[in-house]
Amino acid sequence: MDASLTSASPSHSLSRNSLPSTSFNAKNITSAASLSFANFVFTKQFSLRRPLNSRLNCPVQARASEDGGINAIEAQSEDFILEDVPHLTSFLPDLPMYTNPLKKTQAYAIVKKTFVSPEDVVALKVVVQKDSPRGVHFRRAGPREKVYFKSEEVRACIVTCGGLCPGINTVIREIVCGLNNMYGVEEILGIQGGYRGFYSKNTVTLTPKSVNDIHKRGGTFLQTSRGGHDTIKIVDNIQDRGINQVYIIGGDGTQKGAAAIYKEVERRGIKVAVAGIPKTIDNDIVVIDKSFGFDTAVEEAQRAISAAHVEVESVENGVGIVKLMGRYSGFIAMHATLASRDVDICLIPESPFYLEGQGGLFEFVEQRLKENGHMVIVLAEGAGQEYVSQSFHASAEKDASGNRLLLDVGLWLTQKIKDHFTNVRKMAINMKYIDPTYMIRAIPSNASDNIYCTLLAHSAIHGAMAGYTGFTVGPVNNRHAYIPISRVTETTNIVKLTDRMWARLLASTNQPSFLSCEVVRERFPNMIDDDFHNLKITSI
């Protein structure tokens, strides 16, 4: 069951006796009706999100059809759910099929099983009990024996949207090189400047030579922007240019835009495959194991944490604050803290905290200073925003992508700690504040992310060539899969406070969890009860 924490904001103070209220909402999930290609109709019924229990009461099992699809048939012994993705033949049923040119490539000549079986699926959950239902599955990504595009007729385009993230250039490079080297595609266009680039800027021709070394640079070779999505203008431009494969790299809002483009393509009945590659440095996309660039971000965050530790241990009563990315999800802060071993406390958006009183942050800081003479605080940018907003009377402004504009919680917390110890405790401390946000976003991806980006690009290519559309790609339990776009945009992936990973962090830093405080339990009863009693621990 997917879950998210949504916060409301009445009046707030900074003591343990007055905390922002939080509610705990459960999300529902979808079920698919017909799963074959030839007679598959991607209707509104497909995208409806039904309660998980009701789907599990309708057992089905998968069986391959001649055209490479999977037909849903009733089974009597097992519960099997396939959350399928659209196919071009769902609205263009007479499309011809062709032999995949990978059969003749030297690279795949020695591969024992070149093509993915149409029966191959990836399970959403791999840890199950003996008598539990088989549950939700997704189509396994990879090359198919039959494709729906001739190499010479493919005219592809690539666009990048939203904020920067390590690895974008690697994805661009591997889409270009993969289309050319594996499928012999010659015409590939780069859309410059995000979605609005479709109708307001010129395109650039992409070749393996022109993108050969872009993976060594940070940022995006094609430039990016937020907002600017006009579905009608974009699809008009796609038709005018004769584009028939669209590769869209971006986060939550970008993927929603990709879904809208697919819907308009389907409405017009044109042969265009739309493939999404999910991008978010915060690792807040659900279903997939992690987002590309995340490993690089955690690795680079170590440098900032190490610098803060060196600074504070070199002075008396040194307190270092490192602010890391994490608007709604504290994954970077959590993993960087676990990897570092130099962090005394990690504050993330998912876990409420308070400053004053017994068990508060001020008390913990004072305790660590008495024990060690210094301490390091890692802070996700979305943590404590309710308090900061109250202090600065902030308005609810949003950026072009619809994200709430955040105030600098790092500067706010730095000043609060300094004021408390100077004015209340009459204790001199040395504050050091480090914000490496843009340094982390702008660097090239590391070796691990480079490999991951290659797999994402190849999965998207294989899916588009095989006729899939309106899908996004990503690893599910370490196996790449094709996922309905609505599945990854319906909610945000957050750190679950009942997960073993957060427990490992608390054990590593020996920091207060704050949730164990009686006052917090009184103010967050729904979150505590639901989180601890209804959620299953899923981390390894």
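Since the model is a prediction, treat every value here as computed from it, not as a measurement.
- A donor-acceptor contact shorter than 3.5 Å is absent between the side chain of Y247 and the backbone of I277.
- Panel note: side chain Y387, backbone F353; a donor-acceptor pair is recorded below 3.5 Å.
- Minimum heavy-atom separation, C346 to V343: N-CG1, 4.5 Å.
- Here the closest non-hydrogen pair linking F138 and A481 is CB-CB, 3.9 Å.
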Table please: side-chain donor-acceptor pairs of residues 303-320 below 3.5 Å, with sequence neighbours left out.
from	atom 1	to	atom 2	distance (Å)
R303	NE	E300	OE1	2.8
S314	OG	V310	O	2.7
N317	ND2	A428	O	3.2

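- Note on ring orientation: taking the six-membered ring where Trp is involved, the planes of H480 and Y452 are perpendicular (angle over 60°, cut-offs 30° and 60°).
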**Message:** Let's go through I261 and V246 carefully: what are the C-alpha distance in whole Å and the side-chain angles of both, what is the deciding distance for side chain to side chain contact (heavy atoms under 4.5 Å, CB included) to 0.1 Å, and is it a yes or a no?
**Reply:** CA-CA 10 Å; I261 291 171; V246 183; 5.5 Å; no
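- For R441, there are no salt bridge (Lys or Arg N to Asp or Glu O under 4.0 Å) partners at least two apart in sequence or on another chain.
- Between the side chains of E363 and Q367, not a single donor N or O lies within less than 3.5 Å of an accepting N or O.
- A donor-acceptor pair under 3.5 Å links the side-chain atoms of Y195 to the main chain of T254, judged by distance alone.
- Side-chain contact, T220 with T160: a donor N or O sits under 3.5 Å from an acceptor N or O.
- Residue-environment remark: CE (M427) exceeds the threshold of 12 foreign heavy atoms within 6.0 Å.
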**Request:** Assess whether side chain to side chain contact (heavy atoms under 4.5 Å, CB included) is satisfied between K263 and T231, documenting all intermediate values.
**Result:** CA-CA 9 Å; K263 285 294 186 183; T231 304; over 6 Å; no
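- Contact check for I285 versus D252: no side-chain heavy atoms found under the 4.5 Å cut-off.
- Sequence neighbours left out, the pairs with a member in residues 276-304 that pass ring-ring contact (aromatic ring centres under 6.0 Å, His included) are F294-H335.
- Not one N or O on the side chain of S340 forms a donor-acceptor pair closer than 3.5 Å with the backbone of Q302.
- Counting only N and O atoms by type, the side chains of S329 and D282 include no donor and acceptor under 3.5 Å apart.
- Using a distance-only test at 3.5 Å, with no hydrogens or angles considered, a donor-acceptor pair links the side chain of T472 to the main chain of G276.
- Within a 6.0 Å radius of CG in D213, more than 12 heavy atoms belonging to other residues, nucleotides or ligands are found.
- M325 and T437 get closest at one heavy-atom pair: CG-CG2, 3.6 Å.
- T280 places no side-chain N or O within donor-acceptor distance of the main-chain N or O of G251, the cut-off being under 3.5 Å.
- Remark: C453 SG to E174 CD distance equals 8.5 Å, nearest 0.5 Å.
- The structure places CD1 of I191 at 9.5 Å from CD1 of I234, a figure rounded to the nearest 0.5 Å.
- Under 4.0 Å is where a charged nitrogen must lie from a carboxylate oxygen, and between D295 and K290 at least one such pair does.
- For E381 (side chain) and D408 (main-chain N/O), no donor-acceptor pair under 3.5 Å exists by modelled atom type.
- Taken to the nearest 0.5 Å, the CD atom of E83 stands 11.0 Å off from the NE2 atom of H137.
- Note that CD1 of I440 and CG of L324 are 5.5 Å apart. Values are rounded to the nearest 0.5 Å.
- Here OG1 of T224 is found 9.5 Å from CD1 of I249. Values are rounded to the nearest 0.5 Å.
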**Asked** Which is it for D419 and Q415 under the side chain to side chain contact (heavy atoms under 4.5 Å, CB included) test, yes or no, and what are the steps along the way?
**Response** CA-CA 6 Å; D419 290 344; Q415 191 62 48; 2.8 Å; yes
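- When only modelled atom types and interatomic distance are considered, D449 and T296 share a side-chain donor-acceptor pair under 3.5 Å.
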